[in-house]
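Computation of the quantities below employed the complete heavy-atom set of this structure, encompassing side-chain atoms and omitting hydrogens, waters and symmetry-equivalent molecules.
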Amino acid sequence: MEIDLPLTGPAGDSASAQCLFDQAPCGLVALDAELQCLRANGTLLRWLGHADAPAQALAGLFEPADHGSQQQARLHLDLLRQTGEPQTLDVSLRRADGSVFRARLSSTAVRDADGHFLHSSSLVMPAPEPVAPAAATSPAEALLRGVIDRVPARLAYYDKDLICRFANLAHAARYGKRPEQVVGSHLSEVVRPDLLPEILPRVAAALSGERQSFEAERLDAAGQRCYFEIHYIPDQQGDEVKGLLIELHDISERRRTEELVLHANRDLEDRVRERTTELYESEQRYRLMVDALQDYCIYFIDDAGRITEWTESAQRLHGHPRPQILGQRFDTLMSSDNAGEDEVDAGQVLRLAKSHGQWESRGWRLRSDGSRFWAHTVVTALRNQQGELRGLSCITRDMTAAKNLEDVMNDLNRELEKRVAERTRQLVAANKDLDVFSHMVSHDLRAPLRHISSFTSLLNEQLGESDEPMVQQCLQSIGKSTKRMSQMIEGLLEYARLGRVAIESQPVPLSPLLHGVVAHLRQENAQRQIEWVIDPDLPMVRGDAMLLAQAWGNLLDNAVKYTRKHPKARIEVGCKVNPVGGHMFYVSDNGAGFDLEKAHNLFVMFQRQHHSMDFEGNGTGLALTQRIIERHDGRIWCETAPGRGCTFYFTLPFDGAEPAPAFTVSAMAALAA
């Protein structure tokens with residue numbers, strides 16, 4: 001039955017029409033898309049207890065009793081608007097006194113001339129009481145029900161009014177209910193309100209006879225993401241659709257597996273793509289490197305020695321074009337001039353490379369024009385992970401320039417060896433002359449000095465205490481000169497001896513050695529006030545203990561001597577790390593000092609920076625010290641200025657790994673003395 005409800009009274013028979021409308025045995029109501037009441041007859045108003053409702057309260061008259069009924073009513077209007085077919089709905093309405101009125105709405109759509117939805121025209125009747133479903137007493141029905149309840153798929157049947165008429169156990173459990181609790185419920189009471197806008201168009205299409213199959217993402221009770229394959233199957237009976245069968249399959253595991261496989265495939269594709277790019281770039285770099293070699297070339301041969309790959313660098317070095325050389329044996333590149341060289345033959349090179357993994361050879365190689373060059377060839381066996389031989393690579397370098405340079409160097413070395421031998425003979429002769437001179441100095445020159453000293457002593461005994469002061473002064477001068485001459489001869493002999501003496505190198509602890517030297521000097525200068533500042537952490541050095549004690553003694557003796565005129569003498573001894581290696585020691589004093597710019601011959605024998613009347617000495621101490629330091633692979637230098645003291649620096653190498661002998665202070669004092 002289709003009833004069009006007038007929204008305004010008729011112009012002529014308005015009173016009779018309105019009476020007929022209000023006195024109809026059923027309720028009549030017009031609802032817009034927002035579920036607002038546009039017009040209702042008196043019968044419906046009396047059923048709802050709003051017989052005296054004013055006209056302005058008409059909009060809120062149609063109010064479902066609960067949220068579920070409201071959702072059902074909205075779904076009812078949406079289906080009516082979308083399908084255009086008459087729809088029936090059982091809904092609970094709220095009376096004026098707060099009680100609930102169960103009503104059945106049979107609605108049709110009212111549209112304008114353009115087909116736009118205006119409002120519904122609904123016939124309202126009291127809804128019949130729901131009839132409880134009969135229990136399945138048939139064994140076949142019980143068996144069928146048991147089978148369906150054990151199916152993992154979620155199955156449900158809804159009639160065209162979207163009332164659930166059947167649900168299996170899996171479908172009901174989805175919503176936390178039993179199947180009998182779901183049967184009789186409206187779709188809006190089962191499905192969450194936020195999902196209704198998504199599924200209503202598909203439900204409407206299924207009720208129109210179109211099967212719907214799709215996949216959807218849902219959240220379970222624990223909030224976990226699930227995926228379902230959903231089918232809306234129309235219940236087509238003849239030309240009429242009586243309802244729809246809803247079938248849901250949980251495909252979460254399949255989707256997760258698909259996503260895992262998809263991600264794994266993407267990752268694998270990325271890796272393959274990256275690896276392919278790397279391999280391509282590596283191959284390009286290899287090609288560029290091999291082809292760009294100038295003095296080198298590389299080519300490949302098989303286990304029989306036949307050339308299998310000929311690069312541009314090989315063609316550039318040897319001159320053979322690729323088509324002509326492929327398949328040739330690589331010994332065709334060797335020159336027959338190698339007979340006098342140390343290079344082995346080609347077959348032996350292959351055997352040695354296969355057995356040792358790699359073999360190097362040197363010899364003359366031929367170019368295509370018949371010229372030759374001196375080559376260094378490395379033959380390497382190429383094996384896979386299983387150890388199978390896959391061929392050999394040959395890397396050849398043009399060493400002609402190096403060969404020529406080597407020949408020149410050999411000629412120069414032979415000439416240098418001749419010169420060294422000649423110079424050695426000259427040095428041997430010079431050393432023999434020096435030995436003769438030393439022998440002459442030690443015997444022939446010292447004998448006259450001893451005679452002069454003896455005759456001077458006899459004259460002193462004969463003259464006694466002479467009244468002639470000139471005679472006494474001359475005798476004293478002769479004695480001093482004789483003594484000075486003897487000391488100079490001794491220094492010269494010591495200087496010559498230091499050039500030939502063998503250095504007995506051993507670890508030497510400097511602290512006890514230095515304290516022994518200082519103790520000896522303190523004893524000799526007991527009447528003087530000298531402040532000694534000595535580094536307590538002097539290191540261990542490697543050298544000759546006797547010679548090092550002599551060098552320290554000379555430097556400290558000079559410091560004591562040249563601070564004699566200072567009332568408070570200060571001598572400092574310390575050590576620093578030499579930036580170029582080894583230890584750097586220093587001996588500093590606040591004595592007289594001297595002009596360093598004029599001291600060009602500071603370390604030359606018999607050279608003095610002060611007059612003998614001011615400070616005694618014969619000028620041999622620094623020369624002997626320099627020779628000792630140089631014999632220990634060190635060097636010595638000085639920093640000074642007149643009246644500002646003097647500082648001597650010298651270097652010594654680090655100590656080795658040998659243990660140091662146990663030197664005592666008394667032993668060091670004995671060495672210093």
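In this structure, Leu392 and Asp302 approach most closely via the heavy-atom pair CD1-O, 3.4 Å. Between Val560 and Arg528, the shortest heavy-atom distance links the atoms O-NH1, 2.5 Å. Minimum heavy-atom separation, Thr311 to Ile298: OG1-O, 2.6 Å. The two residues Ser588 and Thr647 have their closest heavy-atom pair at OG-OG1, 3.0 Å. Closest of all the heavy-atom pairs between Ala551 and Ile629 is CB-CD1, 4.5 Å. Contact detail for Ser313 and Tyr296: the closest heavy-atom pair is CB-O, 3.9 Å.
Proximity of a side-chain donor or acceptor of His632 to a complementary backbone N or O of Ile628 within less than 3.5 Å is detected. A donor-acceptor pair is defined here as one N or O able to donate and one able to accept, closer than 3.5 Å; such a pair exists between the side chain of Thr563 and the backbone of Ala559. Here the side chain of Asp544 pairs a donor or acceptor atom with the backbone of Leu547 at under 3.5 angstrom. Using modelled atom types, no side-chain atom of His318 and backbone atom of Ala314 make a donor-acceptor pair closer than 3.5 Å. A donor-acceptor pair under 3.5 Å is absent between the side-chain atoms of Thr640 and the main chain of Gly593, judged by distance alone. His376 contributes no side-chain N or O that, together with a main-chain N or O of Glu360, makes up a donor-acceptor pair within less than 3.5 Å. Between the side chain of Trp552 and the backbone N or O of Leu510 there is no donor-acceptor pair closer than 3.5 Å. A donor-acceptor contact shorter than 3.5 Å is absent between the side chain of His356 and the backbone of Gln358. Side-chain N or O atoms of Lys354 include one that pairs as donor or acceptor with a backbone N or O of Asp303 at under 3.5 Å.
Using a 4.0 Å cut-off between charged side-chain N and carboxylate O, Glu422 and Lys418 make no salt bridge. Lys561 has no carboxylate O lying under 4.0 Å from a charged side-chain N of Asp557, or vice versa, which leaves the two without a salt bridge.
Glu388 CD to Arg383 CZ: the interatomic distance, rounded to the nearest 0.5 Å, is 10.0 Å. Annotation: the span from Thr377 atom OG1 to Leu333 atom CG amounts to 9.0 Å, rounded to 0.5 Å. Between the CZ atom of Arg627 and the CG atom of Leu624 there is a distance of 9.0 Å, given to the nearest 0.5 Å. Remark: Leu382 CG to Arg390 CZ distance equals 10.0 Å, nearest 0.5 Å. Interatomic distance, CG of Leu350 versus CZ of Arg329, reported as 7.0 Å (0.5 Å rounding). We find the CZ-CG distance between Phe648 and Asp589 to be 8.5 Å, quoted to the nearest 0.5 Å.
For the pair Phe594 and Cys646, the minimum side-chain heavy-atom distance is below 4.5 Å. With a 4.5 Å cut-off on side-chain heavy atoms, Val408 and Asn404 do not count as touching. In this structure, Arg365 and Leu317 have side chains that are not in contact, with every pair of non-hydrogen atoms separated by 4.5 Å or more. The side-chain heavy atoms of Val573 and Leu555, taken from C-beta on, include no pair separated by under 4.5 Å. In this structure, the side chains of Tyr299 and Phe330 come closer than 4.5 Å at one or more pairs of heavy atoms.
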Derivation of the side-chain contact (heavy atoms from CB on, under 4.5 Å) call for Val379 and Ser361 = CA-CA 8 Å; Val379 181; Ser361 64; 5.6 Å; no
Verdict with reasoning, Leu622 to Ile636, per side-chain contact (heavy atoms from CB on, under 4.5 Å) = CA-CA 10 Å; Leu622 291 179; Ile636 185 171; 5.5 Å; no
So Thr396 and Phe373, side-chain contact (heavy atoms from CB on, under 4.5 Å) or not? Walk me through it.
-> CA-CA 11 Å; Thr396 301; Phe373 63 96; 4.3 Å; yes
Salt bridge (charged side-chain N to carboxylate O under 4.0 Å, His left out) between Arg316 and Asp398, intermediate numbers included | CA-CA 11 Å; Arg316 185 166 49 249; Asp398 186 356; over 6 Å; no
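Aromatic ring orientation, Trp310 versus His320: perpendicular (interplanar angle above 60°, classes split at 30° and 60°).
When each of Gln523, Arg522, Glu524 is checked for a side chain to side chain donor-acceptor pair (under 3.5 Å) with His520, only Glu524 meets the rule.
More than 12 non-hydrogen atoms from other residues, nucleotides or ligands lie less than 6.0 angstrom from CD of Glu278. For CD of Gln527, the number of neighbouring non-hydrogen atoms (other residues, nucleotides, ligands) closer than 6.0 Å is greater than 12.
Side-chain N/O atoms of Asn554 and Thr625 include a donor and acceptor closer than 3.5 Å. No donor-acceptor contact under 3.5 angstrom links the side chains of Arg351 and Gln348, judged on distance only.
Looking at residues two or more places apart in sequence or on another chain, you find a side-chain contact (heavy atoms from CB on, under 4.5 Å) between Arg570 and Glu531, Val533, Glu572, Asn590.
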